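First up is the structure itself, then whatever we jot down about it.
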Amino acid sequence: MSSKLRPSPLPSTPLSTTIITTAAAASSFNVQHSVANLQRRSTCHIPAHIYNHPSAILLELCTCIKEVHQFIPLIVKNALYNEHLFQTKLVSLFCKFGSLREASRVFDPIPDKVDALYHTMLKAYARNSSLDNAFSFFSRMNIDGVPPIIYNFTYLLKACGDNSDLPKGKQIHAQLIVNGYASNVFAMNCIVNLYAKSRMIHEAYKMFDKMPERDLVCWNTIIAGYSQNGLAKRALHLFIRMQEEGRSPDPVTIVSVLPACADIGSLRIGKSIHGYVVKAGFQSLVNVLTALVDVYSKCGCVGAARLIFDSMQFRTVVSWNSMIDGYTHNGDSKQALQLFQEMLNEGVEPTNVTLMQALHACADLGDLVEGEFIHKLLYKLQLTSDVSVMNSLISMYCKCKRIDIAAEIFENLQGKTLVSWNAMVLGYAQNGRVTEALNLFCKMHLQDIRPDSFTMVSVIPALAELSVLRQAKWIHGLVIRTSFDKNVFVMTALVDMYAKCGAVSTARKLFDMMDERHVTTWNAMIDGYGTHGLGRAAVELFSEMRQGAIKPNDITFLCVISACSHSGLVEEGCKYFTIMKEDYGLEPSMDHYGAMVDLLGRAGQLNEAWDFIQNMPIEPAINVFGAMLGACKIHKNVDLGEKAAHKLFELDPEGGGYHVLLANIYARASMWDKVAKVRSAMEKNGLQKTPGCSLVDLRNEVHSFYSGSTHHPQSEKIYVFLETLMDEIKAAGYVPDSNSIHDVEEDVQEQLLNSHSEKLAIAFGLLNTSPGTTIHIRKNLRVCGDCHNATKYISLVTGREIIVRDMHRFHHFKSGTCSCGDYW
DNA sequence: ATAGGGTTAG
């Protein structure tokens, strides 16, 4: 015997006791079964005293690799090591417990190997090594003169299926035919499985269809294939057909078809399968119950899922994962994390899937602390090389606004997948880092990574944010070239983007062209009309929506109420607020209350707005008082403005903007001492007004202008031009609004006004584009009153159309008027 | 010694 075969050191307890205890733990049925198994094999050339040897029976009962090691000395002592049966059994056991290395240590030194030994070794390779290794061992068998048998092919085919390696699988398929196994049910089933696992489900079905006879496993294979390839309806259809053809589903069928049912979220079908499970007596099988937990939670019945989960006597980690996922899917991430904690407390070791779900829940809650805890756990469980988990980690950090950490993880991530890129692009886009999002998107292109619909849906909103029509058209072109123009999600994003880039009519054209629309599609279009001050169009589209099949949701009402608000349609807005609850059973959220205060306040019904706030059933938040203060600024109401502002100072001590608004209200009323007080309060608290910034797109560049800034290369030219432009519009009737600035000389006042970012941007636009071109400006704050007035005159004297998108809405300036009707 | 199908996921 080779010294390499020396078994691991013996444990302190005598060998036989350990093994016997294990054997005793097994039921007597198992022992009998093993004996029967061994006797059945007596047709081969192994003498009875070998296969009836107690060691052979005991060896078969080993439950882990350690027990196998303990056994080897016993085999050696009984001079059984050279018996084929024991050699093969050892290889088989090492293979069963996943140690290819130890299987080889037995296999390699054996001088005269029987065929069975090769077969078992091939199985070890197919199950525990790379496909290449398995294939080269198969070649070696050929060289060593071992004729292939049917099992060899099925092992290899299964491995090809598991690796989705269709080309290698096809090689085996050819050899199968050559060796005369073309109609073997097992082999054919492996082929069906191979195609299904290689995402060629239609090919798989063709094979399935051609089979002369089909057993239960064939049905299960094709049903699982459809289910795993996202063709849930086909899977369910075949589930019915198999029963019509007289096959009774077994637990594997159930576990294959339930995910399909979960996929389409059909509670009705889920319940009927549950009924079948009970009738067939599968109701205590862990995997069946786990699949039921999944179905119920995916159909929105977390309560029912939890009842099943709680009733389970045994749970696998998958059961926990399904339940945790059930909570996150149903928007109860708190419960999800609680269950995750419970799982850890019970000592169940989480898997990659568990951690992905827990990270998802953290992202959902913005819970950075728990997220970082899981990040550490991930190191402990050595899951940092699992790309899927790392993707979830990136998403979690992005959602928790730690884009810096996310970017670092992304940079260092080995084997990035499309999902990794998508997570990062989305992360940038959702954190307002538009340029980074676009740069990463371009980098993907350079690295030849083809975007999918998720990438598009992440990057399009970034462009909407940028609001540059040229870029909007570019991505639209890309959408068409990459054939995403039939994807509802992508198209909805485009509708929203065009509206946000000032091109509402283009948005509507796309909207009309779509064959399928989601609620979000309608919402995007209604909101688009709203922000462009086209309240009537918004209301009309909303009525049209109410006639159709797509039900409005809470966001729809938010869009339509704010559309009414932008257009002064107070009565309509109030009506919608009422029917939201009465006709649609939707509870208004804080945003709806804010929109209502905005609706009333903007229209000058300040007392009504204030009463509305007092009568709110929930504690009003920042947005509500913010709307109130804004309305007070428009309608010059010092009294209510003060009340709203003081509430805001309490609720949001960091927000400098409210101080500025209040100061403006005081300035309008010439209450200069109060203005000074607010200013000094701001200074004391270190609060600053967000600097105004306007963007213009010119040819291939986006130019940004800050108020009073002289950093732009054309700065000098711009200021000179502005001076003459101001003279021109003054001649047309423009009067500078000096009311907001009081403590400087009149000419300085004008200078300050004239250096506002939007005026600089407009001047730059006029200077650098040919007559007649529409100018698009994007501003980070709201347009100031003086700029608004000046822009109207500029549109008149230059004959240009100027579209300004501010924080809240669009202003289309044309021939001396604005689409907002001075109502913003 | 020896075959094929199955639950959770971004």
Side-chain angles (χ1 to χ4, degrees), chain A residues 37-38 41 44 46 51 56 59-60 83-93 95-96 114-124 126 149-158 161 181 184-194 196-197 215-225 227-228 249-259 262 285-295 297-298 316-326 328-329 351-360 363 386-396 417-420 422-423 426 454:
Chain A
N37 246 345
L38 289 167
R41 290 167 198 141
C44 51
I46 302 167
Y51 64 73
L59 192 55
E60 195 146 296
E83 292 294 338
H84 297 151
L85 181 124
F86 283 90
Q87 294 170 339
T88 317
K89 190 77 214 175
L90 280 174
V91 170
S92 163
L93 283 170
C95 155
K96 183 173 156 191
V114 292
D115 287 3
L117 194 57
Y118 278 97
H119 299 157
T120 311
M121 197 60 207
L122 179 67
K123 182 180 174 182
I149 57 166
I150 180 71
Y151 308 123
N152 302 156
F153 297 113
T154 49
Y155 292 147
L156 290 171
L157 280 172
K158 180 170 161 48
Y181 295 122
N184 176 292
V185 189
F186 287 86
M188 274 314 290
N189 195 48
C190 285
I191 301 288
V192 172
N193 181 52
L194 168 73
K197 290 273 158 52
D215 64 5
L216 182 59
V217 178
C218 297
W219 284 100
N220 289 349
T221 306
I222 196 70
I223 288 172
S227 191
Q228 289 162 355
D250 74 347
V252 176
T253 326
I254 299 301
V255 157
S256 308
V257 80
L258 280 176
L285 297 170
V286 202
N287 51 355
V288 171
L289 287 171
T290 300
L292 280 171
V293 166
D294 181 51
V295 164
S297 59
K298 291 257 169 64
T316 62
V317 71
V318 180
S319 321
W320 287 92
N321 292 350
S322 298
M323 196 61 234
I324 292 172
D325 183 55
T328 14
H329 257 269
T351 63
N352 55 345
V353 177
T354 322
L355 295 188
M356 285 160 74
Q357 287 161 349
L359 284 168
H360 192 93
D386 185 310
V387 184
S388 297
V389 178
M390 295 311 275
N391 292 343
S392 299
L393 193 65
I394 290 171
S395 296
M396 183 278 292
T417 62
L418 181 57
V419 180
S420 324
N422 287 352
L426 183 66
F454 287 87

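Each chain gets a letter, A, B and so on, in the order its sequence line appears, and its residues count up from 1. This is a predicted model, so every value here is computed, not measured.
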(message) Ignoring hydrogens and geometry beyond distance, is the side chain of A:Ser392 in donor-acceptor contact with the base of B:dG10 at under 3.5 Å?
(response) no
(message) What's A:Lys96 touching, base or sugar-phosphate or nothing? Going by heavy atoms closer than 4.0 Å.
(response) nothing
(message) On a heavy-atom basis, which atom in A:Met396 and which in A:Ala363 lie closest, and how many Å separate them?
(response) CA-CB, 3.8 Å
(message) Using a heavy-atom cut-off of 4.0 Å across all strands, would you classify A:Ile149 as base, sugar-phosphate, or nothing?
(response) base
(request) Using the aromatic ring of A:Tyr151 (for Trp, its six-membered ring), decide whether it stacks on the base of B:dA3 within the limits of 5.5 Å and 30°. (result) no
(message) Need one value for A:Val286: base, sugar-phosphate or nothing, where a base atom within 4.0 Å counts as base even if backbone is also close, heavy atoms only.
(response) nothing
(request) Quick one: label A:Asn352 by what it contacts on the DNA or RNA (base, sugar-phosphate, nothing), any heavy atom closer than 4.0 Å. (result) nothing
(message) Is A:Lys298 close enough to B:dA9 that one of its side-chain N or O atoms is under 4.0 Å from OP1 or OP2 there?
(response) yes
(message) Please tell me if A:Gln357 has a side-chain N or O lying less than 4.0 Å from either OP1 or OP2 of B:dG10.
(response) no
(message) Counting the atoms with a prime plus P, OP1 and OP2 as sugar-phosphate, which does A:Phe454 contact under 4.0 Å by heavy atoms, base, sugar-phosphate, or nothing?
(response) nothing
(message) Run the salt bridge (charged side-chain N to carboxylate O under 4.0 Å, His left out) test against A:Lys96 and tell me which residues pass, sequence neighbours left out.
(response) none
(message) Just to be sure I understand the rule, does A:Thr290 reach a base, reach only the sugar-phosphate, or reach nothing, if contact means heavy atoms closer than 4.0 Å?
(response) base
(request) Let me know the distance between CG of A:Asn321 and P of B:dT7, rounded to the nearest Å. (result) 14 Å
(message) Categorize A:Ala116 for me: base, sugar-phosphate, or nothing, with a 4.0 angstrom heavy-atom threshold over every strand shown.
(response) base
(message) Students often get this wrong, so: under 4.0 angstrom with heavy atoms, is A:Asn152 touching a base, only sugar-phosphate, or nothing?
(response) nothing
(message) Applying a 4.0 Å non-hydrogen cut-off, can you work out what A:Asn391 is touching in the nucleic acid: base, sugar-phosphate, or nothing?
(response) base
(request) Quick one: pull up CG in A:Asn321 and CG in A:Asp294 and give me the separation to the nearest 0.5 Å. (result) 10.5 Å
(request) Ignoring hydrogens and angles, answer whether the base of B:dG10 and the side-chain atoms of A:Asn422 contain a donor-acceptor pair closer than 3.5 Å. (result) no
(request) Could you check which of B:dG4, B:dG10, B:dT8 has an atom nearest any side-chain atom of A:Ser388? (result) B:dG10
(message) We want to know whether A:Ser420 and A:Thr417 form a side-chain donor-acceptor pair, criterion being a heavy-atom distance below 3.5 angstrom.
(response) yes
Contacts table for residues 150-158 of chain A: side-chain donor-acceptor under 3.5 angstrom, sequence neighbours left out:
unit_1	atom_1	unit_2	atom_2	d
A:Asn152	OD1	A:Ile149	N	2.9
A:Thr154	OG1	A:Tyr151	O	2.8
A:Lys158	NZ	A:Asp162	OD2	3.4

